[in-house]
Amino acid sequence: LRLLRQTITDESYNITALGFSTFVMNLVGVDEFGQPLGDKATLSYACNRADVLDTCSRIERTLSPDTKQSLYQQTGAPLHPAYALPQLLAFYDTKDSDNAHLSEK
């Protein structure tokens, strides 16, 4: 907060708090003009797609208890389908003709 106050010296701003959350995440894919690409390129914390639930279960089975605990300690969030890891893995695992171009290098 101190660094933010030092950076923004305009007196018309009164910064009183700054918050971060590891709970929610939303990613919206955009094209080269900054326009949203639609539902196939959008990931939301409210996701309940079957492929994401399956991916989360697969990760859960794969990780040891110690690794899951370490992940929790590092991120502050337990493994859950609403979080980025299973959503991003499911996105990359389920490329089809409609979304293959979204993850090209």
Side-chain angles (χ1 to χ4, degrees):
L1 188 55
R2 180 175 52 246
L3 290 174
L4 192 55
R5 286 184 178 139
Q6 291 171 352
T7 304
I8 301 175
T9 58
D10 183 345
E11 292 182 14
S12 65
Y13 290 96
N14 183 16
I15 302 167
T16 58
L18 181 65
F20 291 92
S21 172
T22 60
F23 178 69
V24 298
M25 142 337 267
N26 293 298
L27 298 173
V28 178
V30 296
D31 64 16
E32 64 271 16
F33 305 106
Q35 297 300 309
L37 291 170
D39 290 344
K40 290 235 180 197
T42 301
L43 302 175
S44 169
Y45 77 94
C47 175
N48 61 358
R49 292 188 346 236
D51 60 331
V52 175
L53 297 172
D54 291 344
T55 299
C56 190
S57 293
R58 181 179 45 129
I59 296 167
E60 182 89 34
R61 288 189 308 272
T62 304
L63 298 179
S64 71
D66 287 344
T67 302
K68 285 187 263 191
Q69 181 63 27
S70 177
L71 181 66
Y72 176 74
Q73 288 175 336
Q74 291 176 35
T75 64
L79 186 59
H80 191 277
Y83 302 140
L85 178 62
Q87 289 192 33
L88 289 170
L89 286 174
F91 178 80
Y92 286 109
D93 287 348
T94 57
K95 292 182 209 164
D96 59 28
S97 61
D98 290 333
N99 72 1
H101 68 285
L102 299 175
S103 59
E104 292 175 354
K105 293 181 181 177

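Numbering starts at 1 and runs along the sequence shown. Side chains included, hydrogens not; waters and symmetry mates left out as well; all remaining heavy atoms used.
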Do [X] and [Y] have side chains that approach each other closer than 4.5 Å (heavy atoms only, starting at C-beta)?
{"X": "Phe33", "Y": "Asp31", "value": "yes"}
{"X": "Asp51", "Y": "Asp93", "value": "no"}
{"X": "Cys56", "Y": "Leu79", "value": "yes"}

Requested in this report: With side-chain contact (heavy atoms from CB on, under 4.5 Å) as the test, would you mind laying out the steps for Gln87 and Arg49 before giving the verdict?
Outcome: CA-CA 9 Å; Gln87 289 192 33; Arg49 292 188 346 236; 6.0 Å; no

Nearest heavy-atom neighbours spanning [X] and [Y]:
{"X": "Pro86", "Y": "Thr55", "answer": "O-CG2, 3.6 Å"}
{"X": "Leu71", "Y": "Thr75", "answer": "O-OG1, 2.8 Å"}
{"X": "Tyr83", "Y": "Ala77", "answer": "CE1-CB, 3.7 Å"}

Query raised in the report: Any link between Leu53 and Leu89 through a network of hydrophobic side chains (Ile, Leu, Val, Met, Phe, Trp, Tyr) touching at under 4.5 Å?
Result: no

Report summary line: When rounded to the nearest 0.5 Å, the distance separating NZ of Lys68 from CD of Gln73 is 14.0 Å

Query raised in the report: Short question: side chain of Thr42, backbone of Gly38 - any donor-acceptor pair under 3.5 Å?
Result: yes

